[in-house]
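What follows is one structure encoded as C-alpha cells, with my remarks underneath.
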Amino acid sequence: MTESAETTYDLVVFGATSFVGQILTRYLFESYGLAGEVKWAIAGRSETKLNSLKSDLGPAAGELPLILADATNDQALTAMCEQTRVVISTVGPYALYGEPLVKACVTTGTDYCDLTGEVQWIRRMVERYEDLAKASGARIVHCCGFDSIPSDMGVWFLQQQAEKTFGETCQDVRMRVKVAKGGISGGTVASMINVAKEAAADPKLRKELANPFSICPSEHRSKVRQPSLKGAEFDKTFNVWLAPFVMGAINTRVVHRSNAMQDARYGKEFTYDEAMMTGSGTKGRLTAYGITAALAGFFTASAIKPTRWLVEKFVPQPGEGPNPEAQKTGFYDLRFVGRTQDGKTMITKVTGDGDPGYGSTSKMLGEAGMCLAFDVPADQPGGFWTPASVLDGKLLKRLTSKAGLTFEVLETR
C-alpha cells in the first residue's frame with residue numbers, strides 16, 4: 001500500500017495464534033515493542049486465543065491491538081486490509097486457506113507476505129490476481145521463510161559479489177545444505193501432504209511440479225537443461241555425498257522467478273539446483289541413499305489415500321512443532337557455488353542462528369514484512385514479486401543486522 005494511504009497500522013500479523021504466528025508475534029513485540037514508530041496489530045478468528053497470546057507476552061503487551069477476521073470471511077478480511085499497509089500471513093496450508101486473503105490484499109492495494117512453500121498455489125495466485133495487483137499497487141511476496149529467503153537472497157548476494165569481482169554473473173549456481181538443525185511443525189507437514197494429495201489426483205499438476213519455471217512468466221524459459229538431483233550423488237567440489245533437499249522444489253522455482261523479475265540479471269540460460277551434504281565415505285553414501293528413500297516413501301504414502309492416514313497419524317499435527325529451546329539452539333549453514341560461463345568460480349556461505357523452520361523463519365518473515373512497510377519505495381509497482389526481486393539489499397541489511405543471518409564470500413578462483 002502506498003505511503004500516502006491513510007491506515008491505522010503499518011503491519012498486521014494474520015494467524016497470530018498459529019504455531020509460527022505466536023513465534024513471529026513474540027519476535028515483533030520484543031524487537032519493536034508497542035510504543036515506538038512501528039504501529040502493528042495481531043489478527044485471527046478467535047478473540048479468546050488472541051487475548052491468551054497477549055497474556056503470554058506479559059503485562060506490557062496489554063495495549064497490543066486485536067483484529068478479528070476469519071480466513072473464509074471476505075468482508076472481515078477486506079476490513080482488516082483497509083486498516084494496514086502490510087499483512088503478514090501465517091495461515092496455511094495456503095492452498096486450502098490462503099486465497100481469500102490474497103484476493104483481499106490485491107483488491108485493496110495492501111502489501112502482503114507469507115511463508116508458503118506450495119508452488120502450485122503460488123502459480124494459481126499469479127494467474128488469477130497478478131493483473132489486479134499491478135492495477136491496485138499491492139506488492140505480493142510469497143516464500144518469506146526458510147523457504148525461500150536463504151536460497152533466494154543467497155543467490156542474489158553471490159551474483160552481486162560475482163558482478164563486483166568478475167564483472168559478470170555466474171551462469172550456474174548450486175546450493176548445498178551443509179548443516180540444518182531443527183524440528184518440523186505440523187503446518188509444514190500438512191502443506192507437504194496436501195501437495196502430494198493434489199499431485200496424485202491431477203496429472204497436469206504433476207507435470208507442472210516438474211517444471212523449474214512453473215511460476216515464471218511464460219516468456220522466461222531456458223534452452224539449457226536444468227539440473228535436478230533425484231537420488232544419491234557424489235559432489236566433487238566439496239568431496240561429499242549428496243541427497244535431495246526437500247525444500248529444493250520450491251526454492252529453485254523462486255530463484256528462477258527472481259531472475260525473471262530482474263530481467264534475467266543472472267542470465268537467460270541460468271541454471272540452479274539444491275541438495276543436502278550427507279558426508280564423505282561409506283557413511284555419507286549410505287546416508288544419502290537413506291534420505292532419498294525416506295523422502296520417496298513419505299511422498300508416495302502421502303499421495304495414496306489408504307496410507308495417508310498413517311502418515312498423518314505419526315507426524316506432528318498443525319499447531320505442533322519444536323519447543324522454544326529447540327528453536328533457539330537450531331541453526332543452518334548453506335554453501336553456494338557459482339560458476340561463470342568461462343569457468344570463474346565463487347563459493348559463498350549463508351548461515352542462520354535459529355531453528356530453520358521456526359526460530360529463524362519467524363525473524364525472516366517479520367523483517368520481510370517490516371521491509372515492505374518501511375523500505376520499499378512507494379512507486380515500486382504492484383504485482384507478485386520474490387524476496388530478492390523487490391526487497392533485495394534492503395532485506396539483506398535487515399537479515400544481517402536483526403534476523404541473525406550472515407552472508408560471506410569464502411573463495412574465488
Side-chain angles (χ1 to χ4, degrees), residues 7-94 96-98 100-101 104-105 108 110-115 144-145 183 185-188 190 316-328 354-355 357-359 361-370 372-373:
T7 55
T8 304
Y9 305 111
D10 299 308
L11 183 152
V12 168
V13 177
F14 181 65
T17 60
S18 69
F19 190 81
V20 174
Q22 293 179 57
I23 304 170
L24 171 60
T25 299
R26 182 172 292 277
Y27 170 73
L28 293 174
F29 179 68
E30 293 177 350
S31 300
Y32 296 99
L34 297 177
E37 296 181 358
V38 182
K39 298 177 182 178
W40 62 289
I42 56 175
R45 64 182 179 181
S46 170
E47 185 174 8
T48 300
K49 290 183 178 180
L50 289 170
N51 278 317
S52 177
L53 175 57
K54 286 175 58 173
S55 296
D56 290 342
L57 294 174
E63 299 302 315
L64 179 58
L66 308 181
I67 299 174
L68 296 181
D70 189 286
T72 61
N73 188 321
D74 293 342
Q75 186 175 358
L77 292 176
T78 298
M80 176 183 71
C81 291
E82 289 174 341
Q83 297 180 65
T84 185
R85 295 163 56 200
V86 177
V87 174
I88 301 179
S89 175
T90 68
V91 179
Y94 292 87
L96 299 179
Y97 308 114
L101 178 56
C105 284
T108 58
T110 305
D111 292 344
Y112 165 101
C113 61
D114 64 27
L115 45 72
C144 291
S185 89
T188 298
Q317 300 303 303
E320 299 177 352
N323 61 42
E325 183 61 26
Q327 295 165 26
K328 292 179 181 179
D355 160 72
Y358 300 91
T361 279
S362 63
K363 295 188 286 186
M364 288 187 280
L365 181 59
E367 293 306 329
M370 296 296 291
L372 269 175

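This one's a predicted model, so the numbers in the text were calculated from it and none came from an experiment.
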For Glu30, is the CD atom crowded, meaning more than 12 foreign heavy atoms sit under 6.0 Å from it? yes

Nearest heavy-atom approach of Cys113 to Leu372 is CB-CD1, 4.0 Å

Does atom OH of Tyr97 have more than 12 heavy-atom neighbours from other groups under 6.0 Å away? no

With side chains defined as the heavy atoms from C-beta onward, is the minimum distance between Cys144 and Leu115 less than 4.5 Å? no

Taking all heavy atoms of Ala69 and all of Met80, pick out the closest pair and write down the distance. CB-SD, 4.3 Å

Between Leu11 and Gly369, which heavy-atom pair has the shortest distance, and what is it? CD1-C, 3.7 Å

Any Val12 side-chain heavy atom under 4.5 Å of Ile88 side chain: no

Between Thr110 (side chain) and Cys81 (backbone), is there a donor-acceptor pair under 3.5 Å? yes

Which heavy-atom pair separates Glu82 from Thr108 by the least distance, and what is that distance? CG-CG2, 3.9 Å

Return yes if some donor-acceptor pair links the side-chain N/O of Gln22 with the main-chain N/O of Thr17 below 3.5 Å, else return no. yes

Let me confirm one number: the CZ-CG distance from Phe29 to Leu53, rounded to the nearest 0.5 Å. 10.0 Å

Minimum side-chain heavy-atom gap Leu64-Leu57 below 4.5 Å: yes

Donor-acceptor contact below 3.5 Å, side chain Tyr94 vs main chain Ser89: yes

Return yes if a side-chain donor-acceptor contact under 3.5 Å exists between Ser46 and Thr48, otherwise no. no

Which value, rounded to the nearest 0.5 Å, describes the distance between Leu50 atom CG and Ile67 atom CD1? 10.0 Å

Any chance you could measure Lys39, atom NZ, to Tyr9, atom OH, to the nearest 0.5 Å? 10.0 Å

Is there a side-chain contact between Arg45 and Leu68 in this structure, where contact means two heavy atoms from C-beta onward sitting under 4.5 Å apart? no

What heavy-atom pair brings Ala16 and Ile42 nearest, and what distance separates the two atoms? CB-CB, 3.6 Å

Thr361 and Tyr358: side-chain contact (heavy atoms from CB on, under 4.5 Å), yes or no, with the steps? CA-CA 5 Å; Thr361 279; Tyr358 300 91; 5.5 Å; no

Can you find a side-chain donor-acceptor pair between Ser18 and Thr90 that sits under 3.5 Å? yes

Looking at Leu24 and Ser362, what are the two nearest heavy atoms and their distance? CD1-O, 3.4 Å

Gap separating the OG1 atom of Thr72 from the CG atom of Leu101, nearest 0.5 angstrom: 12.0 Å

To the nearest 0.5 Å, atom CG of Asp111 lies from atom SG of Cys105 at 8.5 Å

Tested for side-chain contact (heavy atoms from CB on, under 4.5 Å) against Trp40, the lone hit among Val86, Leu28, Asp10 is Leu28

Taking the side chain from Lys54 and the backbone from Gly62, do they hold a donor-acceptor pair closer than 3.5 Å? yes

Please examine the side chains of Tyr32 and Glu37, heavy atoms only from C-beta on, and report whether any two atoms are closer than 4.5 Å. no

Main chain of Asp56, side chain of Arg26: is a donor-acceptor contact present, judged purely on distance under 3.5 Å? yes

